[in-house]
Each structure stands twice: as structure tokens, then as C-alpha cells.
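Here is the structure we will look at, set down as C-alpha cells.
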Protein chains: 2
Amino acid sequence: MTEELKIGRVAREAGVNIQTVRYYERRGLVSPEGYRDSGYRLYTDEAVRKIRFIKNAQELGFTLDEIARLLKLRIGRRTQCGKVRTQAQSRLKIVQGKIEALRGMERVLNRLIHTCARRGTTDACPILESLEEGRRRK
Amino acid sequence: MTEELKIGRVAREAGVNIQTVRYYERRGLVSPEGYRDSGYRLYTDEAVRKIRFIKNAQELGFTLDEIARLLKLRIGRRTQCGKVRTQAQSRLKIVQGKIEALRGMERVLNRLIHTCARRGTTDACPILESLEEGRRRK
DNA sequence: CTTGACTCTATACTTTGGTACACGGTTTAT
DNA sequence: ATAAACCGTGTACCAAAGTATAGAGTCAAG
């Protein structure tokens with residue numbers, strides 16, 4: 001069976017501060033499974049996974065509000081499937097846009113690394129050439 | 001020839017506030033090409049492109065400090081090529097990591113959208129299954 | 001059965017990335 | 001030549017996402 005964890009353990013395993021765990025609870029992101037009589041919060045390891053997810057998603061430029069919406073994306077017996085699909089589709093577009101932008105960066109960085117190996121200088125600010133798809137070009 | 005732009009125009013074209021442009025200058029991200037006698041800043045359209053880059057990069061989870069480093073990545077006549085390559089390589093790894101994570105999200109969202117179309121419910125929190133590569137799996 | 005490690009709530013402070021005045025000088029279009 | 005629209009510096013304020021601290025209660029290992 002999955003052990004019950006107290007907040008300190010959860011924080012340590014997820015690599016965040018204890019206050020952060022409580023902060024996420026206030027923000028509606030991660031709730032304890034239950035409470036002890038003393039008021040101590042009790043978690044399962046799902047909480048640890050959630051917090052790691054949050055941290056990763058932040059690195060990808062999502063805000064806590066967006067992350068909350070991502071975490072709530074699931075289909076229950078009673079949930080309107082249509083709403084979930086709509087949400088998921090709009091999130092998907094955002095994700096795909098980010099992937100595209102990052103691929104632009106990847107391409108430019110690769111070029112920079114190789115240009116470097118052979119001849120000399122690059123122009124003014126090579127990285128600018130990424131992330132500019134679909135704007136006026138010249 | 002490329003016209004000279006005053007700060008208001010730059011801000012408008014890049015879709016940010018004038019104060020933001022000055023803020024970026026304080027942060028060492030975007031500098032005017034020169035000044036008028038009156039003290040007015042004068043820019044070229046490179047500034048507009050830079051600011052758009054900054055905004056895009058922020059959406060991808062980069063901080064202003066990281067973005068400053070990205071913008072400085074170029075090979076000059078006198079620049080140590082090795083240092084630039086090292087930097088570029090480490091940035092590249094980060095970019096590729098983000099792409100991988102986003103692909104995980106993409107996969108899960110796609111699955112969710114299709115699961116939705118056919119039968120009913122998904123498990124507890126499907127999105128958690130992305131962004132978890134290389135940790136304990138059960 | 002005590003002592004050190006842990007937890008609780010509540011409040012205050014911090015950092016990052018901006019925004020908003022206030023007050024005064026400059027440009028430009030009529 | 002003058003009003004509307006800009007720009008300059010300086011200072012203050014804001015929101016998001018934490019972090020820190022105080023004061024008090026709880027747990028668990030010897």
C-alpha cells in the first residue's frame with residue numbers, strides 16, 4: 001500500500017520548500033488526502049508527482065493558473081466530455097506552438113555551434129532569427 | 001535605409017509598454033542605437049525584433065537573465081569561439097529538454113482528446129503522466 | 001516522559017517583471 | 001507660435017510566486 005506522507009517528506013521528495021506546498025494548496029493545486037486529529041496534513045505520493053509536474057510545467061512557461069487547469073483536465077463519469085475536449089484542444093495548440101518556437105531556437109543554436117567550428121563570425125544577433133515566424137520579413 | 005524610431009513607435013510595434021522598453025534597457029537587453037541632443041532614444045527595427053524575441057522566449061519559460069545570455073550569443077572577430085560554443089551547447093540542451101517535455105504533454109493531450117471521443121472516463125489525473133520521464137515509475 | 005524534530009496558522013517580507021504617476025522638456029502639425 | 005502628442009528622469013506601486021518568522025501545538029525515540 002502507498003504510505004501516508006507528512007508535508008515535510010512531500011516537500012523534500014518534490015524538491016520544494018514546505019511553504020510552497022502549503023501555498024499550492026491555497027492556490028488549489030495540491031490538496032492533502034486527509035488530516036490527522038492534530039491538523040497535520042497527510043499526503044500520498046500523488047502529491048509528490050503533482051508538485052514535480054508543476055515545477056516542470058513552470059519551466060515551460062505555464063503559470064500556476066494554467067497549470068491548475070491542466071491538472072483538472074480529466075474525464076469523469078459525470079463530466080461534460082465536450083468541455084474537456086475543447087479545453088484539451090486549446091491547450092494542445094499552445095503546447096504545439098511552444099514546440100515550434102523551441103525548434104526554431106534549436107535550429108539556430110545548432111547552426112551557431114557548427115558555424116563556430118568552421119569559419120569565423122556570425123552576423124549581429126543570430127538568435128533573433130528564431131521565434132520570428134509569420135511576421136513581416138524585411 | 002532603416003529609419004530611426006523613437007521609443008513610442010518601438011513599443012507600439014513590439015506590442016509592449018514604453019516603460020517596458022526602458023526597463024529592458026536597464027536590464028541590459030535592448031539599447032538604443034543613439035540619442036538625440038534632447039536625450040530622446042533612437043532605435044532601429046532590430047530593437048523591435050529583439051523585444052518580440054524576448055516576449056516569445058518568456059512564454060517558453062526563460063527568465064530575462066537567460067534571455068540576455070541568448071541575445072549575447074554571437075561570434076565576433078575577437079570573441080573566443082570556444083566560449084560561445086560551450087554556451088550555445090548548454091542552451092541547446094535546455095531547449096531540447098523543453099521540447100521533450102512538451103512532446104510528452106502533447107502526447108497526453110492527444111490521447112485525452114481521442115479517449116474522449118470514444119468511451120468514457122480517464123484515470124485520476126492523466127496529465128501527470130507527461131513530464132515524468134526518468135523518475136521512479138511505480 | 002522528556003527533548004528534538006516536526007507541524008500548525010498567521011503575518012510579513014522578497015524577487016522578478018513590469019506599470020503608473022509626477023513633473024518637466026521637446027517635436028510637430030496647423 | 002502654440003497646442004497636442006512625445007519623451008526624459010525619478011519614484012512609487014503592482015501582481016505572481018514564493019520564503020521567512022513568530023508563537024504554539026504534536027510526534028517519536030531513547
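Proteins come first, then strands; the chains are lettered A, B, ... in the order of their sequence lines, and each starts at number 1.
- For C:dT27, one of the phosphate oxygens OP1 or OP2 lies less than 4.0 angstrom from a side-chain nitrogen or oxygen of B:S38.
- Not a single side-chain hydrogen bond (donor to acceptor under 3.5 Å, both in side chains) links A:R69 to another residue, sequence neighbours left out.
- Whole-Å rounding puts the B:I18 CD1 to C:dC21 P distance at 14 Å.
- In this structure, A:K6 places its NZ atom 9 Å from C1' of D:dT26, rounding to the nearest Å.
- Of all non-hydrogen atoms in A:M105 and B:L70, the two that sit nearest each other are CE-CD1, 4.1 Å.
- Linking Ile, Leu, Val, Met, Phe, Trp and Tyr residues whenever their side-chain heavy atoms come within less than 4.5 Å places B:I94 and B:I67 in a single cluster.
- The salt bridge (Lys or Arg N to Asp or Glu O under 4.0 Å) search around B:R111 returns B:E129, not counting sequence neighbours.
- When the nucleotides C:dG17, C:dT27, D:dG25 are ranked by their closest atom to the side chain of B:Y40, C:dT27 comes out on top.
- Distance B:N17 CG to D:dC7 C1': 14 Å, rounded to the nearest Å.
- Between A:R9 and A:E13, at least one side-chain N (NZ, or NE/NH1/NH2) sits under 4.0 Å from a carboxylate O, which counts as a salt bridge.
- Taking the charged nitrogens against the carboxylate oxygens, B:E25 and B:R41 do have a contact shorter than 4.0 Å, which makes a salt bridge.
- If you check residues 20-36 of chain A against DNA chain D, the residues with a heavy atom closer than 4.0 Å are A:T20, A:Y23, A:Y24, A:R27, A:R36, listed by number.
- Side-chain N/O atoms of A:Q19 include none lying less than 4.0 angstrom from OP1 or OP2 on D:dA17.
- What separates CG of A:L64 from P of D:dA15 is a distance of 16 Å, to the nearest Å.
- Remark: C1' of C:dG17 and CZ of B:F62 are 17 Å apart, rounded to the nearest angstrom.
- Between B:K55 and the phosphate of C:dG17, there is no side-chain N or O to OP1/OP2 separation shorter than 4.0 Å.
- Protein atom CD1 of A:I67 is 8 Å distant from nucleotide atom P of D:dA17, rounded to whole Å.
- Residue B:R41 places no side-chain N or O under 4.0 Å from the OP1 or OP2 atom of D:dC7.
- With values rounded to the nearest 0.5 angstrom, A:R91 atom CZ is found 11.5 Å from B:I113 atom CD1.
- Put simply, CG on B:D37 is 14 Å from P on D:dG8, counting in whole angstrom units.
- To the nearest angstrom, C1' of C:dG18 lies 13 Å from CD1 of B:I54.
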